[in-house]
Novice: 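Provided herewith is a single structure, encoded as structure tokens, for subsequent inquiry.
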Amino acid sequence: MSPVHRQHRLHRALFISDVHLGFRHAKAKELINFLDANDAPVIYLVGDFYDIKRLRRSGYWPASHAAVVRKLREKARAGSRIVYLPGNHDNALRRRPGLKRLIGNIEIVNRTVHETANGQRFLVVHGDQHEPPREEVPGIFIVGCALYLAGVQASQTVSRARRQLGYGFWSLSAAVKDRVLPHVGLARRYRENLAADAARCGLDGVIAGHIHHAGMEEIGGVLYCNTGDWVESCTALVENENGDLELLRWRGANRQYRIEHAPSRNEPLSGLGTAA
């Protein structure tokens, strides 16, 4: 039996966002490995699955990006329900909510509610419409975009060197974000806006993407979860059979993860564990 089958994991739900197919730095091969090793009856694509803006400019579409689409089509044919929630980089799909032909038979909705096995209800939305207005901080936004692109390029260089040395995936830009972004005011306001939206809807939590920073925390009695991305961090959120949410950080073809568990009410995020 192959390593993929020996270590195949079945979750109750799987949440992936910010794959950015069509962008040169998208980690398509890593995502294929992850999808080979993980499955669920329902898979949520939480925005920016395609980077339509860049596709229109460059036409970049390598075989690995097409293979991601084929992999999801296979899962749809095998019975998985796939729910696509467009983001700001694939927002053309927001104008066509009934479309069901991009990735097999999928549902395209702007926002939805997911109910876990333990009865908690989560708003699922990409999140770009909850970011603070850019006109309030135009200089910070422009500088942030420039730093982001520089960080992604630096991470590519580090990743190539690690592969040549036989090490698994690790992202320099994601590591910097993990230390810096939680303390940035704009990111904090983004998280608070999403939590407030879920609270207004009478929900227990919110699952989003957009800012390329995976994490889970309780904000005002609401559980905020961010799936991260597949450009920098290679992360996904899953619901296990008990209804608990876990954040998986993919570490490459050796099928290793780092796992973060959702915090209990009024408790901080638990420490990281490792699972092979």
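For the numbers below, each heavy atom of this structure counts, side chains included, while hydrogens, waters and symmetry mates do not.
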Novice: Per the side chain to side chain contact (heavy atoms under 4.5 Å, CB included) rule, which among Ile207, Ile16, Leu14 passes with Thr227?
Specialist: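 The passing option is Ile207.
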Novice: Can you find a pair of side-chain heavy atoms, one from Phe122 and one from Val206, that are under 4.5 Å apart?
Specialist: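 No, too far: nothing below the 4.5 Å cut-off.
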Novice: For Ser58, what residues pass the side chain to side chain contact (heavy atoms under 4.5 Å, CB included) criterion, not counting sequence neighbours?
Specialist: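 So Ser58 forms a side chain to side chain contact (heavy atoms under 4.5 Å, CB included) with Tyr60.
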Novice: Mind running side-chain contact (heavy atoms from CB on, under 4.5 Å) on Val69 and Tyr50 for me, showing each step along the way?
Specialist: CA-CA 10 Å; Val69 178; Tyr50 291 99; 3.6 Å; yes
Novice: Locate the shortest heavy-atom distance separating Ser17 from Gly209; write the atom from each residue and the value.
Specialist: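 Closest approach of Ser17 to Gly209, heavy atoms only: OG-CA, 3.6 Å.
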Novice: The criterion is side chain to side chain donor-acceptor pair (under 3.5 Å); which residues satisfy it with Asn91, sequence neighbours excluded?
Specialist: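 Residues passing side chain to side chain donor-acceptor pair (under 3.5 Å) with Asn91: none at all.
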Novice: Considering only heavy atoms from C-beta outward, does the side chain of Val238 approach that of Leu245 to under 4.5 Å?
Specialist: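 Sidechains of Leu245 and Val238: no contact.
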Novice: Please list, chain by chain and in numerical order, all residues satisfying salt bridge (charged side-chain N to carboxylate O under 4.0 Å, His left out) with Asp39, sequence neighbours excluded.
Specialist: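 With neighbours one apart ignored, the set is Lys75.
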Novice: Give me the atom names and distance for the closest heavy-atom approach of Ile108 to Pro86.
Specialist: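 Reported closest heavy-atom pair: CG2-CG, 3.8 Å.
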Novice: Dump the intermediate steps for side-chain contact (heavy atoms from CB on, under 4.5 Å) on His89 and Arg54, then the final yes or no.
Specialist: CA-CA 8 Å; His89 283 260; Arg54 286 191 172 90; 4.0 Å; yes
Novice: Rounded to the nearest 0.5 Å, how far apart are CG of Asn193 and CD1 of Ile219?
Specialist: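 That separation rounds to 9.5 Å.
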Novice: State, to 0.1 Å, how close Ile82 and Ala76 come at their nearest heavy-atom pair, and which atoms those are.
Specialist: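 Closest pair (atom of Ile82, atom of Ala76, distance): CD1-CB, 3.9 Å.
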Novice: For Arg121, what residues pass the side chain to side chain donor-acceptor pair (under 3.5 Å) criterion, not counting sequence neighbours?
Specialist: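 Once residues adjacent in sequence are excluded, Arg121 has no partner under the side chain to side chain donor-acceptor pair (under 3.5 Å) criterion.
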Novice: Could you list the residues that satisfy side chain to side chain contact (heavy atoms under 4.5 Å, CB included) with Ala117, not counting sequence neighbours?
Specialist: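 Checked Ala117 against side chain to side chain contact (heavy atoms under 4.5 Å, CB included); matches are Arg12, Glu239.
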Novice: Apply ring-ring contact (aromatic ring centres under 6.0 Å, His included) to Tyr190 and list each qualifying residue two or more places apart in sequence or on a separate chain.
Specialist: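 Expected list: His210.
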Novice: List the residues meeting ring-ring contact (aromatic ring centres under 6.0 Å, His included) with His114, not counting sequence neighbours, and say none if there are none.
Specialist: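 Applying ring-ring contact (aromatic ring centres under 6.0 Å, His included) to His114 gives Phe15, Tyr44.
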Novice: Between Met216 and Leu237, is a side-chain contact (heavy atoms from CB on, under 4.5 Å) present by the stated rule, with each step listed?
Specialist: CA-CA 10 Å; Met216 294 184 284; Leu237 189 76; 3.8 Å; yes
Novice: Applying side-chain contact (heavy atoms from CB on, under 4.5 Å), run through Asn33 and Trp250 and close with a yes or a no.
Specialist: CA-CA 9 Å; Asn33 287 337; Trp250 185 243; 3.7 Å; yes
Novice: Thr235: what forms a side chain to side chain contact (heavy atoms under 4.5 Å, CB included) with it, not counting sequence neighbours?
Specialist: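 Thr235 satisfies side chain to side chain contact (heavy atoms under 4.5 Å, CB included) with Ala214, Ser233, Leu247, Arg249 once adjacent residues are dropped.
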Novice: Is a donor on one side and an acceptor on the other found under 3.5 Å between the side chain of His20 and the backbone of Val231?
Specialist: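 Side chain of His20 to backbone of Val231, a donor-acceptor pair under 3.5 Å: no, none is there.
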Novice: Do Leu21 and Asp51 touch side chain to side chain, with heavy atoms closer than 4.5 Å?
Specialist: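 Sidechains of Asp51 and Leu21: no contact.
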Novice: Given side chains that start at C-beta, do those of Glu115 and Gln120 come closer than 4.5 Å, heavy atoms only?
Specialist: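 Not touching, per the 4.5 Å side-chain cut-off.
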Novice: Between Phe23 and Leu55, is any pair of side-chain heavy atoms under 4.5 Å apart?
Specialist: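 A side-chain contact is absent here, since even the closest heavy-atom pair is not under 4.5 Å.
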Novice: Checking the side chain of Asn240 only, and the main-chain atoms of Asn242 only, is there a donor and an acceptor separated by less than 3.5 Å?
Specialist: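 Such a contact is found between Asn240 side chain and Asn242 backbone.
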Novice: What distance do Asn38 atom CG and Leu10 atom CG have between them, rounded to the nearest 0.5 Å?
Specialist: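 Answer rounded to 0.5 Å: 9.5 Å.
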Novice: Looking only at atom types and distance, does a side-chain atom of Asp48 sit under 3.5 Å from a main-chain N or O of Asn88, one as donor and one as acceptor?
Specialist: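 Between the backbone of Asn88 and the side chain of Asp48 there is a qualifying donor-acceptor contact (under 3.5 Å).
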Novice: Do Leu85 and Val109 have side-chain heavy atoms sitting under 4.5 Å apart?
Specialist: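 A side-chain contact exists here, since the closest heavy-atom pair is under 4.5 Å.
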Novice: Under the rule for salt bridge (charged side-chain N to carboxylate O under 4.0 Å, His left out), what residues qualify as partners of Arg111, not counting sequence neighbours?
Specialist: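 By the salt bridge (charged side-chain N to carboxylate O under 4.0 Å, His left out) rule, Arg111 matches Asp197.
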Novice: What's the separation between atom OG in Ser64 and atom CG in Leu31, rounded to the nearest 0.5 Å?
Specialist: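 It comes to 10.0 Å.
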Novice: What residues, two or more places apart in sequence or in another chain, satisfy salt bridge (charged side-chain N to carboxylate O under 4.0 Å, His left out) together with Glu74?
Specialist: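 Salt bridge (charged side-chain N to carboxylate O under 4.0 Å, His left out) check on Glu74 returns Lys71.
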Novice: For the atom pair CG (Leu223) and CG (Asp204), what is the distance rounded to the nearest 0.5 Å?
Specialist: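 If I round to the nearest 0.5 Å, the distance is 9.0 Å.
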Novice: Side chain of His126, backbone of Val46: donor and acceptor closer than 3.5 Å?
Specialist: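 Answer holds: yes.
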Novice: Calculate, to the nearest 0.5 Å, the distance between atoms CD and CG belonging to Gln129 and Leu194 respectively.
Specialist: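 The CG atom of Leu194 is 10.5 Å from CD of Gln129, to the nearest 0.5 Å.
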Novice: Starting at CZ of Arg77, measure out to CG of Leu72 and round the result to the nearest 0.5 Å.
Specialist: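 Spacing of CZ (Arg77) from CG (Leu72) equals 11.0 Å.
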Novice: Do we see a donor-acceptor contact under 3.5 Å between the side chains of Tyr224 and Asn226?
Specialist: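 Side chains of Tyr224 and Asn226: pair found under 3.5 Å.
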Novice: Test of understanding: with side chain to side chain donor-acceptor pair (under 3.5 Å), list the residues that count as partners of His65, not counting sequence neighbours.
Specialist: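 His65 satisfies side chain to side chain donor-acceptor pair (under 3.5 Å) with no other residue.
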Novice: Any side-chain to backbone donor/acceptor pair from Lys27 onto His25? Under 3.5 Å, distance only.
Specialist: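 Yes, because the side chain of Lys27 sits within donor-acceptor range (under 3.5 Å) of the backbone of His25.
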Novice: Of all residues at least two apart in sequence or in a different chain, which pass the side chain to side chain donor-acceptor pair (under 3.5 Å) check with Asp90?
Specialist: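 For Asp90 the side chain to side chain donor-acceptor pair (under 3.5 Å) partners, ignoring immediate neighbours, are Tyr84.
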Novice: Would a distance-only check, ignoring hydrogens and angles, find a side-chain to backbone donor-acceptor pair under 3.5 Å from Arg81 to Ile43?
Specialist: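 Not at all, since once roles are kept as given, no pair shorter than 3.5 Å links the two residues.
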